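See structure below.
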Amino acid sequence: MKSAVESLSPTRAKLTVEVPFDELKPSLDKAYKTIAQQINVPGFRRGKVPPAVIDRQVGRGAVLDQAINEALPKVYVEALRENSLEPLAQPEIEVTRLEDKELLEFTAEVDVKPEIELPEYDGLEASVEDLAVTDEDVDAQLDNLRERFGTLADVERPAADGDFVSIDLVATKDGEVVPGAEVAGMSYQVGRGGMLDGLDEALTGLSAGESTEFTSQLVGGDLVGEDVAVKVTVNGVQEQELPELDDDFAQTASEFDTVEELREDVRARLTRGKRLEQATEARDAVLEALLEKVSVPLPETMVTDELNARREGVEQQLAMAGITMDKYLEDEGQTIEEFEADLERRVRDAVAAQFLLDEIAKREELGVEQNDLSQHIVRRAQQSGQDPQEFANHMFEHNHIPELVQEILRGKALATLVESAVVTDASGNRVELKNLRPDGSIGEPEAEEAASSDEADAEAPEAEVASDEQADADKS
């Protein structure tokens, strides 16, 4: 087999492959056997029809077509390997020359990974916001906890923000009740939002037994986004009574004896959460710093496919939330043109980042162990709300394991970037990322490694201490 490659662009290549007929013989033999099983020829048992008879009965062309279709995928993959090409999509294959018993020639055009000259990525600089947990943040968390232990009491006054009301609600269009838009005796907290625009304003100031009407737009059903008339009636008003924030409450709501201990625990939890948010911000900032140092050619087909997939994902999420695209854009303060431009920018950055991280994984000679794959499968299953075993079975059955392996390698490459980066907060302080644990706390690797090393030496002098590479990738 001979093959030559022509670069059509930095991300698209054309392969020209010549295959001698001798190399097609296994596929031709298989084609004859397959056709022999499918036809009935007087004087011959099924499956025992000679090739010459098949040529007369079916035609040599049909045999050649079947043999070529069977051989092309294997020959194509071999040509890719010989020319060190990494395809990104299915090829466009055309048979350009066929001389029976002599030669087969075909071309294959395909999007390929671009060649990237990696910039220096050790010690990238990035900045993030300060990690700050205010007294107001702590108070808000404690108020949420108090609400969980709060009680409701009937009141004889108009509804106010924060009150719970029992309501009857019906929406009509042109005097007809909208199907599915009628509820009775529903409990609702005034000011909570998320149901119908204008509902909170309509309820404020209403007492038990009073009604009002207003115009709004439904967030679901056939009339989503259309104006409807809404009538709401208040059946009762209840005020939420919160427990006092004292030592008794701390003992009831937590494992702590005093409210000060509870407050410090809340502050510590918030700090760990903020630290994880800061780490995510740092990861994105470091990746952005790398992207600014290099221009990566992008295959437009891949960008378009990803752009369509993300756009569809946004539309599905909005539909599930009962929000129209117009409403979403209004809330975000964007025009549709600005939304599309921002989406395309993020898609292009994401595709470029994938190529860069793949190259870094190669340069750093990163690998994937079985435990890495198992942990990644469990995390992916949890994110999608699926059973880990069912998710794993699906991935294996549909040959998605290579994609998962690539995701893990990219995670490790990103962890390598972030760990070597110089990340500072807005106040100029160095941000600790390398030893960040999944719960947001900072570990002490030196002490942990020393303990692990001592234990390993005691049990097996030649054993090596396992690396924390995957854990770091997960945290980053």
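Here the structure is a predicted model, which is why all the values come from computation and not from measurement. Numbers here are sequence positions counted from 1.
A salt bridge is defined here as a Lys NZ or Arg NE, NH1 or NH2 lying under 4.0 Å from an Asp or Glu carboxylate O, and R267 with D137 fails to meet this definition. Between R311 and E315 there is no salt bridge, since none of the side-chain N atoms of the basic residue sits less than 4.0 Å from a carboxylate O of the acidic one. Checked for salt-bridge contact, R146 and D143 meet the test: a charged N lies under 4.0 Å from a carboxylate O. Salt-bridge annotation for R275 and E277: absent, with no side-chain N of the basic residue lying under 4.0 Å from a carboxylate O of the acidic one. Using a 4.0 Å cut-off between charged nitrogen and carboxylate oxygen, K412 and D372 count as a salt-bridge pair. Checked for salt-bridge contact, D139 and R263 meet the test: a charged N lies under 4.0 Å from a carboxylate O. Ion pair E300/R348 flagged as a salt bridge, since at least one NZ, NE, NH1 or NH2 atom sits closer than 4.0 Å to an Asp/Glu carboxylate oxygen. Ionic pairing of R346 and D349 is not present here: no N-O contact between side-chain nitrogen and carboxylate oxygen is shorter than 4.0 angstrom. Using a cutoff of 4.0 Å between basic side-chain nitrogens and carboxylate oxygens, R363 and E359 are not scored as salt-bridged.
Using cut-offs of 30° and 60° for the angle between ring planes, the H394 and H400 rings count as tilted.
Of the possible polar contacts, one joining the N83 side chain to the A79 backbone as a donor-acceptor pair under 3.5 Å is found. Judged by distance alone, the side chain of E337 and the main-chain N or O of F339 form no donor-acceptor pair under 3.5 Å. Proximity of a side-chain donor or acceptor of Q316 to a complementary backbone N or O of G313 within less than 3.5 Å is not detected.
Between L357 and A413, the shortest heavy-atom distance links the atoms O-CB, 3.5 Å. The two atoms that bring V19 and V75 nearest to each other are CG2-CG1, 3.7 Å, heavy atoms only. Taking all atoms of both residues into account, the shortest heavy-atom contact from L433 to V418 is CD1-CG1, 3.5 Å. The heavy-atom pair separating V58 from A62 by the smallest distance is CG1-CB, 3.7 Å. In this structure, V133 and V138 approach most closely via the heavy-atom pair CG1-CG2, 4.1 Å. Across all non-hydrogen atoms, the minimal contact from Q278 to L131 is NE2-N, 3.5 Å.
Judged by distance alone, the side chains of Y121 and E364 do bring a donor and an acceptor atom under 3.5 Å apart. Between the side chains of D439 and S441, at least one donor-acceptor pair of N or O atoms lies under 3.5 Å. Side-chain polar atoms of T424 and N429 form no donor-acceptor pair below 3.5 angstrom. Using modelled atom types and a 3.5 Å distance limit, the side chains of S374 and N371 yield no donor-acceptor pair. Of the N and O atoms on the side chains of E312 and N308, not one donor lies less than 3.5 Å from an acceptor on the other residue. With no hydrogens or angles considered, no side-chain donor-acceptor pair links T96 and E94 at under 3.5 Å. A side-chain donor-acceptor contact under 3.5 Å links D358 and Q406.
Evaluation of the salt bridge (Lys or Arg N to Asp or Glu O under 4.0 Å) test over residues 284-299, restricted to residues two or more places apart or in two chains, returns none.
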Could you check L404 against F396 for side-chain contact (heavy atoms from CB on, under 4.5 Å), going step by step and ending with a plain yes or no?
-> CA-CA 10 Å; L404 298 182; F396 277 102; over 6 Å; no
Audit row: K434, E432, salt bridge (charged side-chain N to carboxylate O under 4.0 Å, His left out) steps and yes/no = CA-CA 6 Å; K434 184 173 183 179; E432 174 62 70; over 6 Å; no
E6 vs R12, salt bridge (charged side-chain N to carboxylate O under 4.0 Å, His left out): CA-CA, chis, key distance, verdict = CA-CA 9 Å; E6 176 187 356; R12 192 165 179 83; over 6 Å; no
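The side chain to side chain contact (heavy atoms under 4.5 Å, CB included) with L15 is formed by just one residue from the set I93, L80, T107; it is L80.
To the nearest 0.5 Å, atom CD of residue E86 and atom CG of residue D111 are 13.5 Å apart.
Scanning for side-chain hydrogen bond (donor to acceptor under 3.5 Å, both in side chains) contacts around Q217 gives D227, with sequence neighbours left out.
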